[in-house]
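One structure is given below, encoded as structure tokens.
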Amino acid sequence: MGYVDGGPLVDGLLALGHCIKSTIGVDNNTFIKLIERPPREEYGDFGFPLLRFTRDRGVEGVLEGLSNCLRGYSIDYVGLNVVKGFLNVRFDEVKLGGILVKLLSSGWAPGMARVGGGEVKTIVVEHTSANPVHPLHMGHARNASLGDTLARMLKARGHRVVRRFYINDMGRQVAVLALGFKVLGLSPEEVALRLKAKIDHAVGWVYALTHTTIDLILARRGVVEESVESLASTIARLRERDVELADRLIEGVMKLEDPEAELSRIMSRYEAGLEPERSIVRGVAESTIRGFKETLDIMGVEFDYWDWESDIVWSGLLSRTLDELRRSTYIVKHKDALALDVARIAREVVEPSRELSQAIRLPRGFEIPPMILVRSDGTTLYWTRDIAYSIYKFENSKADMVVNVIAGEQRLPQLQIRLALLALGKVREAVNMIHYDYEMVRLPGRVMRGRRGEYVSLDEVLEDAEARALQEVLKRNPGLGVEEARAIARKIAVGAIRFSLVQPGALKPIVFDVEKVLNFEENTGPYLQYTYARAHNILEKHGPIDFSLVDPRAYSDSLRRALLIQTLTYPLVAAKAADELRPEDLASYLLKLADTFNRWYQRDSVIHEPDIGAREAKAVLVKLVKDVLSSGLEILGVPVLERM
RNA sequence: GGGCCCGUAGCUCAGCCAGGAUAGAGCGCCGGCCUCCUAAGCCGGCGGUCGGGGGUUCAAAUCCCCCCGGGCCCGCCA
């Protein structure tokens, strides 16, 4: 991977990387992967585990070879030594500062290092893709925050990125919703007006009430396991919202001869594209999505395409894909249904190749029943349509890679889709379809259930967080106008929420605690915003920097030196985080940088520095911190603030 | 029954893929710091059998095996 425009420190490391390759044969990617900050400052700025590669060779000889090689690259600001088997790298901060100042005066600013020209890929990031039957909740917020951040990272890395939202409008869930509105005889807009609710919240209420009422009917017949009492109490809770409207809906659903048959009818007529189901179903889904867009807009999340599952069917893509699948030798009849023998694909195609096993992420002893593609009644299943959609994502965007941000509970279906792609001979697609899996957000003690109306909506959390932030902003800025304070508060709220969802590794389960997100002293998103505001403020007061006056000798002070090295490492850290799809690495880097800056801030004033050369040198550090925070926060979707 | 994810300080987590340098942060708790660039900050302190056991290795939080705890998945649901 290339690291274009990484600045002087990254260039120094890359030169060292080349030298390591020519002297001990470690390739550049391995070098970049293994180089790390040493545990103790006195070892150096970076460490590389040399011992692992030079077992039988003299370490001194290697050191000498490397130094000679570096001179060949005319890099004179990198010092090397070996301690306990580690190659330690120490930059000469004065020389580095001198080079930096020249770069800065020609307009350079630290940002993520970009890939080389030939490495630019087209990458589709599909994320959020919430079912359009209730408002976005905190689970979707995690998905959206991760997905949007991944998209921003890959774009900053220099790739072409296409962001897609997949609208699942063909399932039972949307049919339940459509049935609810049909029974009510009202549009989503009318219900929203009456409930004085945001449209997707109104939809969510109708959905939960309809779904639970249907389940109650089924439970009485013994078809649904949940107890009649618990369903009845859910209904009673939902009913509170608007007793009259609720009763109309409940009674209407109860009167249906056979709600299950009614749902099937809606689903099959919609799949066939028949009216009036086509308009009704699309209509309710579109209403919900309008609500999604309002919320996502506040969160700073945008999409390039909104893909309708139904369009995959209606356009004929699904049947073309099915025709191809039918020709596959892995097709089997499972009773009257058409199925794909995925276990056999795994055994015959994947297992023999170690490389493919890894890329496909095949579990050991993979053995599961055939994957039904077409039901005996001729209708298709969700994952059948998803196979077609997967192909669509590659073809429509001419994508090299597709990243699907989907919860970990879908690992098996995602694997099955990769296997189906292999059955179609689409090896490149199967290998380059990445399931970016994350663990779900849970409520303390239980999961969120949209069909019971049990969730913490993102809108509520945003609202609470904003109100909490507003109090604080007004307290700290007594003269501030309410409008301006509100705008700041909203950005703090968004920053707090997005950061808290992206900072922990995606595989860590998050138990959602409203208090945690609202407590800004425990939350690190606002901490970064605050740090940025401080840096901004200093530069405001300092005025334009005169680079010609900078005295790089000022960087020998240990905290200043640390800041110089840390900020100049950003281009590489950010690029690695993007390549590895690890936003959390970027987040923890930014926190460390903010810590160093705040520690320095406390004891080494910039604008009160009497020596002009030192003052300009310090102002440069502030500018570096500000530029890095601005780049990093932008990628994390945490809004930057000039005051708070 | 099988598979996958997680288990590190009171709490939330980083480090594990690519084994090596005294296991790191934050919060909480205790004690300090605002006539000085925003105290959403800073300084100091307390706090760890890395879930348990075995193995591989000169070296294991990291690799392998077994076990325990939490979660998820194995549907002609989405």
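What you see is a predicted model, and the numbers here were worked out from it, not measured in a lab. Letters A, B, ... mirror the listed sequences (proteins, then strands); counts begin at 1.
- Projected onto RNA chain B by closest heavy-atom contact, A:M440 and A:F46 fall at different nucleotides, the more 5' of which corresponds to A:F46.
- Note: A:H211 and A:Y207 have perpendicular aromatic rings, judged against thresholds of 30 and 60 degrees for the angle between ring planes.
- Side-chain nitrogen and oxygen atoms of A:K508 include none within less than 4.0 Å of the OP1 or OP2 phosphate oxygen of B:G71.
- In this pair, A:F86 does not lay its aromatic ring on the base of B:G20; centres under 5.5 Å and planes under 30 degrees do not both hold.
- For RNA chain B, the neighbouring residues in residues 357-364 of chain A, judged by any heavy atom under 4.0 Å, are A:P363, A:R364.
- A salt bridge links A:E226 to A:R449: at least one charged side-chain nitrogen sits closer than 4.0 Å to a carboxylate oxygen.
- Ring planes of A:F292 and A:F165: tilted class, angle from 30 to 60°.
- RNA chain B is contacted by A:R582, A:N598, A:R599 of residues 577-599 of chain A, taking any non-hydrogen atom closer than 4.0 Å.
- The side chain of A:K33 contributes no N or O atom lying less than 4.0 Å from OP1 or OP2 of B:C17.
- Atom CD of A:Q602 and atom P of B:C37 are 11 Å apart (whole Å).
- Salt bridge A:D311/A:R282: present, at least one basic N to carboxylate O contact under 4.0 Å.
- Using a 4.0 Å cut-off between charged side-chain N and carboxylate O, A:R142 and A:E439 make no salt bridge.
- In this structure, A:F86 has its ring center no closer than 6.0 Å to that of A:Y43.
- Both stacking criteria are satisfied for A:Y43 over the base of B:A21: a centre-to-centre distance under 5.5 angstrom and an angle between ring planes under 30 degrees.
- Glycosidic conformation of B:C34: syn, with the torsion inside 90° of 0.
- When the nearest nucleotides of RNA chain B are assigned to A:T30 and A:T531 by heavy-atom distance, the more 5′-ward of the two goes with A:T30.
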Which parts of nucleotides 73-78 of chain B does protein reach within less than 4.0 Å, heavy atoms only, written one letter per nucleotide 5' to 3' as B for base, S for sugar-phosphate only and - for none?
SSSBSB

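- Ion pairing of A:D604 with A:K618 is present here, as a side-chain N (NZ or NE/NH1/NH2) and a carboxylate O approach within less than 4.0 Å.
- Distance OH (A:Y530) to P (B:U38): 8 Å, rounded to an integer number of Å.
- The pair A:K623-A:D627 meets the salt-bridge criterion, since a charged nitrogen lies less than 4.0 angstrom from a carboxylate oxygen.
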